K.L.:
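Structure incoming, see below.
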Amino acid sequence: MDDGAKRVTRRRVRTRARLLDAAFAVFAAKGFGRVSIEEVCEAAGFSRGAFYSNFTTLDELFFALYQERADLIARQVADALAQDGPGLDVPAAVDRVTEVLLLDVDWLLVKTDFLVRAAREPAVARSLLDHRARLRRAVADRLARAQGPTPLPAALGDAEGAARAVVAAYDGVTTQLLLDKDVEAARAWLKQLLTALLAAPPVPPPDTQAQDPAQDPAQATAHAPSTHGR
């Protein structure tokens, strides 16, 4: 590739990035269904020609924006879980995940628009389900390989079940964040939930052996021969 072609490629990459950044701000402020191509171009400082050289429709831009942020979250979780090497220190990993995970109200507004569309459009639903499956795999693969000091709670079943619980916890916390806008509280609550899910102490199995009545006064009384009427 010659220098001229490289400059064109770099310029196009920068143009695309500016369009995505501008679209993110406009979508978050107004909602996807209320935004026009002209508004995105104006926010980015480009003409419609610049838009159409990168995207064919506003839908395509919207999906590209969602994919970009969704991939970022998957990388954040995978990277945070990968820092322990072959083993996995679950409490430390929970701390890292909650420190770096994207908890941004504007992103959640855009994500919610995507979710509402997915509920009505099967093609959009497939895209969202694919992202969620990749995120779960990133978590489940790491948990399955872990040989750390903290075993996963048996109630979660296996690594896949644990991964589903992690994603569900994130969903619940972000829903609350959309309403109260308290990012620090959301991080703290997410940490508590993930710690409870993944690092809870194992519940000891019930004692099924017959207890020696002599060891329990109540049992001893219950089993003692009655002297009533003697």
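In this chain, numbering begins with 1 at the start of the sequence shown. Computed from a prediction, not measured in an experiment: that's the story for all the values here. When reading the values below, keep in mind they use all heavy atoms of this one structure, side chains included, and skip hydrogens, waters and symmetry mates.
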K.L.:
Of all residues at least two apart in sequence or in a different chain, which pass the ring-ring contact (aromatic ring centres under 6.0 Å, His included) check with W189?
P.N.:
none
K.L.:
Can you list the residues that meet the salt bridge (Lys or Arg N to Asp or Glu O under 4.0 Å) rule with D171, with sequence neighbours excluded?
P.N.:
K111, R132
K.L.:
Apply side chain to side chain contact (heavy atoms under 4.5 Å, CB included) to E121 and list each qualifying residue two or more places apart in sequence or on a separate chain.
P.N.:
R117, V124
K.L.:
List in chain and number order the residues that pass side chain to side chain contact (heavy atoms under 4.5 Å, CB included) with T57, two or more places apart in sequence or in another chain; answer none if no residue qualifies.
P.N.:
D59, E60
K.L.:
Who pairs with F63 by ring-ring contact (aromatic ring centres under 6.0 Å, His included), at least two apart in sequence or on another chain?
P.N.:
F114
K.L.:
Looking only at the aromatic ring of each residue, does the gap between the centers of W107 and F27 stay below 6.0 angstrom?
P.N.:
no
K.L.:
Sequence neighbours left out, what pairs pass salt bridge (Lys or Arg N to Asp or Glu O under 4.0 Å) with at least one residue falling in residues 61-74?
P.N.:
D71-R134
K.L.:
Restricting to side chain to side chain contact (heavy atoms under 4.5 Å, CB included), what partner residues turn up for L109, sequence neighbours left out?
P.N.:
V105, D106, L178
K.L.:
Ignoring hydrogens and geometry, is there a side-chain-to-backbone donor-acceptor pair from T195 to Q192 under 3.5 Å?
P.N.:
no
K.L.:
Give the table of side-chain donor-acceptor pairs shorter than 3.5 Å for residues 152-161, with sequence neighbours excluded, one pair per line with atom names and distance.
P.N.:
residue : atom : partner : partner atom : Å
D158    : OD1  : E160    : N            : 3.2
D158    : OD1  : G161    : N            : 2.8
E160    : OE2  : R136    : NE           : 3.4
E160    : OE2  : R164    : NE           : 3.4

K.L.:
Only counting residues at least two apart or in another chain, list the ones meeting side chain to side chain donor-acceptor pair (under 3.5 Å) with E42.
P.N.:
none
K.L.:
According to salt bridge (Lys or Arg N to Asp or Glu O under 4.0 Å), does anything in residues 179-199 pair up with another residue at least two apart or in another chain? List the pairs.
P.N.:
D95-K191
K.L.:
So which heavy atom on V173 is nearest to which on A186, and how close?
P.N.:
CG1-O, 3.4 Å
K.L.:
Restricting to side chain to side chain contact (heavy atoms under 4.5 Å, CB included), what partner residues turn up for A44, sequence neighbours left out?
P.N.:
L19, A22, F46
K.L.:
Just distance, no hydrogens or angles: give the donor-acceptor pairs under 3.5 Å from side chains in residues 31-39, sequence neighbours left out.
P.N.:
residue : atom : partner : partner atom : Å
S36     : OG   : E39     : N            : 3.2
S36     : OG   : E39     : OE1          : 3.3
E38     : OE2  : R48     : NH1          : 2.1
E39     : OE1  : S36     : N            : 2.9
E39     : OE2  : K30     : NZ           : 2.4

